Amino acid sequence: MDESRLRGARVRFAPSPTGYLHIGGARTALFNWLVARRYGGTFILRLEDTDRVRDVKGAREAIYEGLRWLGLDPDEGPEQGGPYGPYCQSERGEIYAHAIAELRERGAIYPCFYTREELAAQRAAAEARGEVWRYDGKYRELAPSLAKARIDRGEEHTWRLKVNAGATRYHDLVLGDSEVKNDDVEDIILVRGNGEPVYNLVVVIDDHHMRVSHVLRGADHQTNTFKQLQIYLGLGWTPPEFGHIPLILAEPPNKGKMSKRHGGATVEEYQKAGYDVEAMINWLALMGWSLDGETEVISRADLVKNFDISRIGKTGAQLNRPKLEWISGEYLRRQSPQQLAPRVARALAERGWIPAAEIDSPSARTMRITTALRERMRKDGDVAPLCTWIFTADLPFEEKAQQTLVKDPENAARLERLAAALPDALPDGEAFSELMKRVAAELGVGFGKIASPARAALTGGLSGFELVDCFHVLGATESVRRLRAGAARCRSAQSASS
RNA sequence: GGCCCCAUCGUCUAGUCAGGCCUAGGACAUCAGGUUUUCAUCCUGGUAACAGGGGUUCAAAUCCCCUUGGGGUCACCA
């Protein structure tokens, strides 16, 4: 596309504060943010908090917090202010009133005296006949003097947009040329009976006054575009460019677009699960956009450098959570143990397994756990499940671990032998290997013959850490205790079966 | 139902605008091997897609039409 037109673009993210940041909204915010950052533009946050949603408790904060976590900082918005505020629709009443007056003066809207009830009755009747209801245009041609008289009499009325015959078309930045007959746009209501403007009107007014140059939003707004284009026409304003991002679809067996009731619909869920936030950005960007079809791991900086609206796909995307798991794991593995330690410590401290003070200054053992975890965890939420065995005195045994322990009657003796061979000062690295090999040699078996039962005895499972780490994380005393307990478990199973 | 949009492996996608380099590439997931005398990581390989039908063309995943399928939207909600 013509990139020069993107330079200095003013883009916006305009969620309605429903109490959470939707995953699709987060992606929309990211794409807009990326455009602003790449082209030296401005990223605006505007809260669509008119009408009934305006008072949802903590709803604004949920949006702020979500964006903050993702690192999508607005340049202008309710919190940061800006030259075209206020940035909450609930506070922009005067601006709307002016625009409505303007619309009236230009003759772009006309009063309609149908009551809500009459409209509802018409709709019901049409539906009963199996037809699609449409506004009949009854008040469109009402003489202005007659209309004025009824208004002066105090008769409640709405104001409808006068849409002329013809067609409305525009070039969508993502979808390409799009067009609709004006008959299908209809004379929509712009001003309610109580004098308040409806959504489509305020969006136009706000985007215009906030000097928004490019509207990049979810495809669920695509049909609104035609209406809004007609409103721009009525106001005599130049519309911005529009681009519609295909929606994120729910995973089967659910159908349709992602909504709150589907798992994974809110950003908060991912934050709580402890996914790496940079991985999250990476994953979000790859949902509906691609650099070249090859690149899977791409940093935020490279995203800013390369993001291109013309490479946004046209097809809806299902959430691909296993891929997020993978990407997040990739990012975690690239971090140094020092970087990773605080989040591991936090997860352990939350369980009460280690003191909270370790979040700032992790102990040697926590560092060891972190190093072992680095190759295994994909998100913070994995830490606790992967470490339960360390901090559980009365270890539950997985079925397979139990089998491994029991299947060879010699295991009891081997574990005892290993326990006896362990010095109080546990050897590390090569020295540990030497010790294991020596014990194995003395028993006349291979390394594996003692490693597997040892892991089972130590962890109660088959997939713990590297063996040497298992020992060190537990310490000599506990290790010996568990080896002996394992031996006992083995013996009792033997006597029970014989 | 009307209108709008979309259609490549199970999933995310490259390729489509400028038809031939595509016996369709990558990644996740999955399966099978290998490395690690343990776990994880890692490496190698396999299974797997152009929705269907008509055109146009020397040539179509790519262009056109129809069908089918999916999604969105049709409030004095946002």
Side-chain angles (χ1 to χ4, degrees), chain A residues 14-18 48-53 89 112 114-116 119-120 123 127 130-134 156-160 172 174-176 178-181 183-186 188-194 196-200 202-203 218-227 244 246-247 249 251-252 255-257 283 286-297 310-311 313-327 329 333 372-377 386 433 436-437 440 445-455 459 461-470:
Chain A
S16 75
T18 49
E48 314 241 308
D49 59 347
T50 63
D51 208 341
R52 63 186 182 195
V53 298
Q89 292 187 332
C112 171
Y114 273 136
T115 63
R116 235 178 259 260
L119 255 17
R123 230 185 305 269
E127 196 173 324
E131 294 170 7
V132 184
W133 175 82
R134 271 190 178 181
E156 184 164 305
H157 59 283
T158 59
W159 290 83
R160 286 183 184 270
D172 195 289
V174 175
L175 303 171
S178 192
E179 162 177 354
V180 75
K181 306 251 179 309
D183 284 350
D184 293 317
V185 178
E186 297 193 64
I188 55 169
I189 290 174
L190 255 34
V191 184
R192 300 192 178 97
N194 63 7
E196 284 180 5
V198 303
Y199 169 76
N200 278 306
V202 301
V203 167
D220 48 345
H221 287 288
Q222 207 246 343
T223 44
N224 279 332
T225 307
F226 301 109
K227 296 173 185 173
H244 293 89
L247 300 178
L249 275 12
E251 296 163 294
K255 285 179 161 286
K257 62 177 172 179
W283 177 65
L286 253 26
M287 206 163 7
W289 180 85
S290 67
L291 176 63
D292 53 15
E294 306 271 309
T295 308
E296 306 288 345
V297 177
S310 70
R311 288 199 62 86
K314 295 181 177 184
T315 56
Q318 256 182 59
L319 236 42
N320 192 176
R321 258 190 286 194
K323 192 139 184 176
L324 170 61
E325 287 272 322
W326 175 77
I327 294 176
R333 228 163 290 139
L373 240 27
R374 197 160 70 115
E375 304 284 291
R376 281 155 247 261
M377 63 183 283
L386 252 20
S433 297
M436 289 294 286
K437 281 178 192 162
V445 296
F447 184 93
K449 287 283 187 208
I450 53 174
S452 284
R455 166 171 288 101
T459 70
L462 291 182
S463 53
F465 299 168
E466 197 174 338
L467 204 49
V468 62
D469 290 328
C470 291

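Just so it is clear, the model here is predicted, and its values are computed rather than measured. Chain letters run A, B, ... following the sequence lines, proteins first and then strands; every chain starts at 1.
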All ring-ring contact (aromatic ring centres under 6.0 Å, His included) counterparts of W289(A), not counting sequence neighbours: F307(A)

I'd like a table of atom pairs between the protein and nucleotides 3-8 of chain B - only N or O on both sides, under 3.5 Å - with the distance next to each one.
residue, atom, partner, partner atom, Å
rC4(B), O2', Q222(A), OE1, 2.4
rC4(B), O2', Q222(A), NE2, 3.2

Pairwise P distance for rU37(B) and rA29(B), with rounding to whole Å: 25 Å

Within-4.5 Å side-chain heavy-atom neighbours: E48(A) and V203(A): yes

Touch class at under 4.0 angstrom, heavy-atom based, for K255(A) against every strand present: sugar-phosphate

Between rC76(B) (P) and Y199(A) (OH): distance, integer Å: 16 Å

Rounded distance in Å between the C1' positions of rU36(B) and rA40(B): 10 Å

Paired nucleotide for rA7(B) [Watson-Crick or G-U wobble; both distances under 3.5 Å]: rU68(B)

C1' gap between rU62(B) and rG72(B), integer Å: 26 Å

Short side-chain N/O contact from R123(A) to OP1 or OP2 of rC76(B), under 4.0 Å: yes

Integer angstrom distance from the C1' of rU67(B) to that of rU23(B): 29 Å

Which atom of T158(A) lies closest to which atom of G193(A), heavy atoms considered: CG2-N, 3.7 Å

Mate of rU41(B) where both pairing distances stay under 3.5 Å, Watson-Crick or G-U: none

Touch class at under 4.0 angstrom, heavy-atom based, for N224(A) against every strand present: base

Note, N224(A) side chain near Y199(A) side chain (heavy atom, < 4.5 Å): yes

Sugar-phosphate only, base, or nothing, as touched by T115(A) at under 4.0 Å among non-hydrogen atoms: base

Mate of rC58(B) where both pairing distances stay under 3.5 Å, Watson-Crick or G-U: rG20(B)

Heavy-atom side-chain proximity of L319(A) to W283(A) below 4.5 angstrom: yes

Under-4.0 Å side-chain N/O to phosphate OP1/OP2 contact, S290(A) with rA14(B): yes

Touch class at under 4.0 angstrom, heavy-atom based, for G288(A) against every strand present: sugar-phosphate

rU56(B) to rU68(B) separation - C1' atoms, rounded to the nearest Å: 23 Å

Comparing L467(A) and G256(A) on RNA chain B - which has the more 5′ nearest nucleotide: L467(A)

Atom-pair distance (NZ on K323(A); C1' on rG10(B)), nearest Å: 13 Å

Spacing of Q318(A) atom CD relative to rU13(B) atom C1', expressed in whole Å: 13 Å

Nucleotide of rC74(B), rC39(B), rC76(B) approaching T158(A) most closely (side-chain heavy atoms): rC76(B)

d(CG, N194(A); P, rC76(B)) in whole Å: 12 Å

E127(A) atom CD: more than 12 heavy-atom contacts under 6.0 Å: no

rG1(B) - base-pair partner by Watson-Crick or wobble geometry, distances under 3.5 Å: rC74(B)

Sugar-phosphate only, base, or nothing, as touched by R311(A) at under 4.0 Å among non-hydrogen atoms: sugar-phosphate

Nearest-nucleotide 5' precedence on RNA chain B, W289(A) against D220(A): W289(A)

Polar side-chain contact E131(A)-rG1(B) base: donor and acceptor under 3.5 Å: no

rG69(B) to rA32(B) separation - P atoms, rounded to the nearest Å: 38 Å

Residue E296(A), side-chain heavy atoms: nucleotide from rC39(B), rC76(B), rA27(B) that is nearest: rA27(B)

Nucleotide rU13(B), atom P - distance to CH2 of W283(A) in whole Å: 11 Å

Minimum side-chain heavy-atom gap H157(A)-V191(A) below 4.5 Å: no

Pairing residues for L249(A) by the side-chain contact (heavy atoms from CB on, under 4.5 Å) criterion, not counting sequence neighbours: L247(A), Q318(A)

Protein-nucleotide distance (K257(A), atom NZ; rA78(B), atom P), rounded to Å: 15 Å

Candidates rC76(B), rU11(B), rG25(B) - which lies nearest the side chain of N320(A): rU11(B)

Span that lies between the C1' atom of rG46(B) and that of rC5(B), in whole angstrom: 38 Å

Any R333(A) side-chain nitrogen or oxygen under 4.0 Å from OP1 or OP2 of rC42(B): yes

Sub-4.5 Å side-chain heavy-atom contact between K314(A) and L175(A): yes

Closest to the E375(A) side chain, choosing from rA27(B), rU41(B), rC39(B): rU41(B)

Pairwise side-chain contact, M436(A) with V468(A), heavy-atom cut-off 4.5 Å (strictly under): no

For atom CD of E251(A) and atom P of rG70(B), their distance in whole Å: 19 Å

E186(A) CD - rU73(B) P separation (whole Å): 17 Å

rU11(B) to rG70(B) separation - P atoms, rounded to the nearest Å: 14 Å

